[in-house]
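Below is one structure; the comments refer to it alone.
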Amino acid sequence: LRLALNDAAGTDALLGVIQDIDSEGTVITLESGRRIGDSWKVKVDAFFVTDSSEEDAVHSLRDDDNVRMELIYYF
C-alpha cells in the first residue's frame, strides 16, 4: 500500500505485508517520510516478523525486528 499525500511537505508512506499462505509467518514493513520546513526531513523505517514457526522461511528473521528514525538536515 503506497500513500502519497501530494502536499507541500512531501508526505509519503509505504506499507508492505507478506503473509506465508502455508503457515503463519508474516513480515510487515513500513517506510514513511515528511519534510519539515525548508531544510529538514524526518524518515521512519520499520520491519517486523510476527507469528513465525520453525518451518517458516522468515523464521531466521524473527529476532531482527527494528524501527529506525532519521532526522535529516539539508543545506
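The first residue in the sequence is number 1, and the count goes up from there.
- For residues 6-34, no residue pair satisfies the ring pair (Phe, Tyr, Trp, His ring centres under 6.0 Å) rule, not counting sequence neighbours.
- I21 and V17 fall into different hydrophobic clusters, where Ile, Leu, Val, Met, Phe, Trp and Tyr side chains are chained together by heavy-atom contacts under 4.5 Å.
- Side chain of N66 to main chain of D64: a donor-acceptor pair is present (N/O by atom type, distance under 3.5 Å, no hydrogens or angles).
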What donor-acceptor contacts under 3.5 angstrom involve side-chain atoms of residues 36-44, with partners at least two apart or in another chain?
none

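- Remark: D45 pairs with R68 by the salt bridge (Lys or Arg N to Asp or Glu O under 4.0 Å) rule, at least two apart or across chains.
- Looking at residues two or more places apart in sequence or on another chain, you find a side chain to side chain contact (heavy atoms under 4.5 Å, CB included) between L14 and R2, E31.
- For the residue pair D65 and V49, the shortest heavy atom distance occurs at OD1-N, 2.8 Å.
- For the atom pair OG1 of T29 and CG of L15, the computed distance is 6.5 Å after rounding to the nearest 0.5 Å.
- Taking the side chain to side chain contact (heavy atoms under 4.5 Å, CB included) definition, one finds that T50 meets it with T26, sequence neighbours left out.
- Residues satisfying the salt bridge (Lys or Arg N to Asp or Glu O under 4.0 Å) criterion with R34, sequence neighbours excluded, are D7.
- Here the CD1 atom belonging to I28 is positioned 10.0 Å from the CZ atom belonging to F47, to the nearest 0.5 angstrom.
- In this structure the side chain of V67 reaches within 4.5 angstrom of the side chain of F48, judged on heavy atoms.
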